[in-house]
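Below you'll find the structure, written out as structure tokens, and then a few comments.
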Protein chains: 4
Amino acid sequence: MYAGSPIRPEEVLYKTDHSLIDQSMHARMGATTLNGDGFGFGWYDGSRPPGLFRGTGPAWSNRNLREISEHLETGLFFAHIRASTGSAVQETNCHPFRYRNWLWMHNGLIKDFPRIKRELALAVEPELFPHMEGTTDSEMMFYLALSLGLRSDPPKAVARMVGHVERVAAEHGIADPVQMTVATSDGARVWAFRYSTQRKSRSLFYSREIDALRALYPENPTFQRLSEETRIIVSEPLGDLPGAWQEAPESAYGIVQPGEDRIAAFEPEPV
Amino acid sequence: MYAGSPIRPEEVLYKTDHSLIDQSMHARMGATTLNGDGFGFGWYDGSRPPGLFRGTGPAWSNRNLREISEHLETGLFFAHIRASTGSAVQETNCHPFRYRNWLWMHNGLIKDFPRIKRELALAVEPELFPHMEGTTDSEMMFYLALSLGLRSDPPKAVARMVGHVERVAAEHGIADPVQMTVATSDGARVWAFRYSTQRKSRSLFYSREIDALRALYPENPTFQRLSEETRIIVSEPLGDLPGAWQEAPESAYGIVQPGEDRIAAFEPEPV
Amino acid sequence: MYAGSPIRPEEVLYKTDHSLIDQSMHARMGATTLNGDGFGFGWYDGSRPPGLFRGTGPAWSNRNLREISEHLETGLFFAHIRASTGSAVQETNCHPFRYRNWLWMHNGLIKDFPRIKRELALAVEPELFPHMEGTTDSEMMFYLALSLGLRSDPPKAVARMVGHVERVAAEHGIADPVQMTVATSDGARVWAFRYSTQRKSRSLFYSREIDALRALYPENPTFQRLSEETRIIVSEPLGDLPGAWQEAPESAYGIVQPGEDRIAAFEPEPV
Amino acid sequence: MYAGSPIRPEEVLYKTDHSLIDQSMHARMGATTLNGDGFGFGWYDGSRPPGLFRGTGPAWSNRNLREISEHLETGLFFAHIRASTGSAVQETNCHPFRYRNWLWMHNGLIKDFPRIKRELALAVEPELFPHMEGTTDSEMMFYLALSLGLRSDPPKAVARMVGHVERVAAEHGIADPVQMTVATSDGARVWAFRYSTQRKSRSLFYSREIDALRALYPENPTFQRLSEETRIIVSEPLGDLPGAWQEAPESAYGIVQPGEDRIAAFEPEPV
């Protein structure tokens with residue numbers, strides 16, 4: 001996730017060492033080293049719903065993604081590379097998911113999702129139900145969060161979503177059901193979550209102050225012209241810059257917004 | 001749908017005038033003249049679940065479909081070409097759908113499906129629910145029929161499925177909700193249905209006795225060697241043979257099986 | 001091809017009656033009524049090579065094309081829908097083709113192309129040869145034109161390209177080898193050609209003065225704000241506006257450029 | 001490459017430890033660890049040209065490949081997983097390549113291929129030239145070998161093909177141009193080559209006598225029923241059986257055929 005001064009996304013997606021595209025071929029962290037089962041790119045550019053470009057092949061060989069990332073300019077975008085844990089490789093299963101002005105992407109899983117999928121689906125608002133187009137746990141989490149108040153209070157809605165999933169899982173005898181890093185946005189602010197039932201969450205990193213990045217990358221012209229408020233949030237650090245990235249604490253969420261960002265503890269909330 | 005003497009499917013899919021592949025480009029009947037939004041091919045070949053080959057592009061330019069249809073031999077297969085009425089073009093939305101040894105394909109629609117999708121989904125058996133992978137009304141009809149007894153009494157289960165859809169639609173103020181021709185098989189027998197709430201159903205044709213076909217096509221070697229029991233059921237006649245095809249009556253279903261086939265009236269059944 | 005005031009391409013591609021996307025499903029002119037074998041979209045947006053987005057499925061169901069056309073703004077773009085005449089359905093066979101700042105698209109064919117493909121390929125400049133990625137006659141015409149001077153004098157280079165193809169074809173006993181409408185651009189000007197050896201060329205239309213269009217479409221806000229110099233060139237008229245479109249004469253080419261456009265006779269030139 | 005008793009290909013492609021599909025995700029040998037840029041499967045089943053099924057996504061998530069490999073039975077098949085070294089990801093660039101009854105697949109590369117592609121293309125027989133559909137060095141090697149006598153004397157034709165490539169490369173100042181393991185078949189016999197100009201060729205393994213395999217895998221029912229003559233040739237050993245595989249010597253070729261197989265030295269031959 002990138003928020004800040006408008007840039008051509010290729011700068012972040014391709015032109016950095018250990019870029020997102022590199023990571024799709026050789027992830028160093030995470031459950032899978034390989035993320036070749038589709039990708040997605042969502043970008044905000046003004047008053048409309050965000051744009052969404054998704055594909056089913058590997059990101060690294062998709063020429064259209066490369067073209068688009070070179071020709072767009074955007075100050076807020078999401079990019080995701082997918083390693084399927086079993087559900088079909090199809091565009092509707094690729095992140096980010098979109099509902100009106102909201103984007104959502106997720107790394108992780110709901111354990112034994114097929115066993116509780118139906119019960120979780122019942123908690124999705126009837127009006128939202130037909131908008132679900134894929135079959136992933138990640139999309140279900142999005143629509144549950146939307147149903148539980150995402151549009152008015154994102155941290156509370158995500159806490160309730162997790163609380164609900166954990167309760168349903170417990171009723172089915174599923175231990176440690178939730179593993180997630182999540183990013184979501186309404187186009188103005190971005191919320192990022194790091195949580196797992198077991199408190200052993202996947203990694204999540206955010207970029208330090210741009211001043212620090214500039215000092216670290218004195219020769220990178222892109223970093224020199226980015227505003228103070230520019231932030232990048234990633235599963236794995238881009239590049240190889242010691243000091244450029246800070247790991248998000250366990251069980252926490254952060255808000256990227258105009259003015260001061262903030263970070264707070266995350267605790268699931270019973271529904 | 002083809003049932004009878006084992007053949008290479010290309011004979012029916014490609015090598016006939018006005019073949020299925022031709023029809024994907026220029027349908028003469030039906031709501032759309034163009035069926036370029038994916039295709040599917042399911043075939044039985046013995047003791048296993050049937051094979052399934054589906055793709056998202058047009059059938060007419062898919063080389064893999066052509067290859068497979070030339071190299072397989074099967075005595076029972078389903079083939080379908082899709083014209084999306086809005087849901088995503090992805091393999092999991094392509095017919096035929098498969099559950100264990102059952103195949104199902106459908107032409108038609110449930111009117112205003114998104115409005116009643118959730119309520120219909122609730123009537124799917126919990127164990128079956130996570131097996132639905134797509135977003136079409138057609139797949140939902142299949143899983144409803146499975147939930148309502150397809151495996152033990154197909155005509156009754158389909159009657160109950162339609163009865164249920166019509167009741168839910170009525171509760172939502174949707175008139176004339178069901179339009180369908182359906183074919184389904186367990187690998188031994190095939191059931192084909194023609195029905196619409198309005199009693200203005202899409203066309204469905206079945207081939208006459210093979211003797212008649214042989215007489216009509218004296219120069220077609222394939223027809224000469226097919227057994228007496230060979231049957232083809234299609235939305236539109238293949239070829240241009242007057243007398244080769246018989247239209248199924250309105251509100252009816254037929255059974256293709258070893259021994260005598262039969263045809264009977266179809267009436268939805270309240271659940 | 002659109003050249004003029006920057007717009008979102010969806011206005012032309014989707015939001016007009018009988019739009020390009022409609023035409024992909026139901027062309028009224030041309031050799032095929034159906035163009036479902038891939039599509040392409042190329043756009044200029046400043047100093048870089050133009051962007052290029054191509055896909056292999058039908059344009060009408062491609063969500064990514066829709067997204068991009070809604071989120072880009074460009075004052076010069078090419079869009080193409082393809083009906084394969086036999087060569088593989090793959091992105092590298094989709095128009096427009098690009099070489100550096102040049103785009104090229106073609107409707108028509110070189111008759112018996114496989115018979116003279118090798119000899120034509122030999123006339124492509126060695127440096128350009130490895131840039132050809134597909135297998136179509138259209139791409140070959142582009143690289144021949146590039147080899148014969150496209151970058152310095154487009155009308156002359158296209159005349160020489162056609163002259164060369166006609167000569168090679170004649171040597172192989174192929175009558176009436178060329179059928180083409182071609183559009184090409186360097187990002188500043190657009191050249192459009194209508195020609196066939198037989199002088200029975202496929203249709204090509206260009207939009208009349210924007211004043212005329214505004215008068216014809218008083219309620220279309222897009223047309224109201226377009227500049228005087230805006231031009232659209234198409235195989236078939238968009239919309240249903242009597243008077244909005246003028247057919248290009250047989251054996252002619254036109255130049256769309258800042259200032260006055262021009263039109264002139266086209267005559268192949270022996271190489 | 002598998003030659004021997006008819007089996008369902010899934011036995012080799014999926015059901016072995018470190019199977020070909022596993023290798024597509026985590027190769028242990030070879031230049032790339034990841035082979036996600038398409039795949040191909042070619043099989044012989046009697047009197048016709050072999051079947052060919054190719055796809056552009058990763059093999060590991062392709063459901064159609066899985067289906068086909070479960071439902072076909074064949075005594076001679078080729079399977080390939082591709083890691084693009086730059087050329088487009090499209091079916092026409094996927095191995096095996098086919099010409100009539102011949103299949104060909106290749107691992108390796110021609111160094112600086114774009115620089116000599118045109119000159120190599122000129123050596124392809126004019127009648128064969130239009131059959132090349134892709135843009136890879138591998139397909140070019142196939143058509144050069146066909147042009148230089150593959151159909152009458154495969155080892156000699158491949159030696160001449162390599163000799164020609166090495167000569168053309170030398171004229172362009174390209175050192176150590178050829179790196180290859182190649183397998184080709186006419187449906188009756190299989191020829192496998194291991195060679196590189198530098199004599200540091202990629203690995204190639206063939207299975208030992210089936211007796212040895214049976215002794216090593218006493219619990220694998222597939223191996224118990226395979227005939228004496230069954231052979232598998234692979235880039236990397238399947239499974240984890242010490243003793244099951246023998247590495248082909250450097251600069252050598254082998255012939256798998258009814259009766260005794262043979263292995264011989266390979267030496268490029270000047271054309």
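Just so we're on the same page: letters track the sequence lines, and every chain starts at 1.
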Seminar exercise, completed: If you tally heavy-atom pairs under 4.5 Å between each of B:P58, B:G38, B:G57 and chain C, the highest tally belongs to B:P58
Exercise. Can you name the side chain to side chain donor-acceptor pair (under 3.5 Å) partners of B:S201, sequence neighbours left out?
Worked result: B:S196, B:E250
For this session: Not counting sequence neighbours, which residues clear ring pair (Phe, Tyr, Trp, His ring centres under 6.0 Å) with B:F39? List them please.
Result: B:F53
Exercise. Out of curiosity, C:N62 CG to C:E67 CD, how far, rounded to the nearest 0.5 Å?
Worked result: 10.0 Å
Exercise. Side chain to side chain donor-acceptor pair (under 3.5 Å) with C:D176: which residues, sequence neighbours excluded?
Worked result: none
Problem set entry | Flag for B:T197-B:E166: side-chain donor and acceptor within less than 3.5 Å | yes
For this session: Compute whether any side-chain donor of one residue and acceptor of the other, for B:N107 and B:S235, lie under 3.5 angstrom apart.
Result: yes
Exercise. Are there residues of residues 88-95 of chain C that reach to under 4.5 Å of chain B by heavy atoms, and which ones?
Worked result: C:A88, C:V89
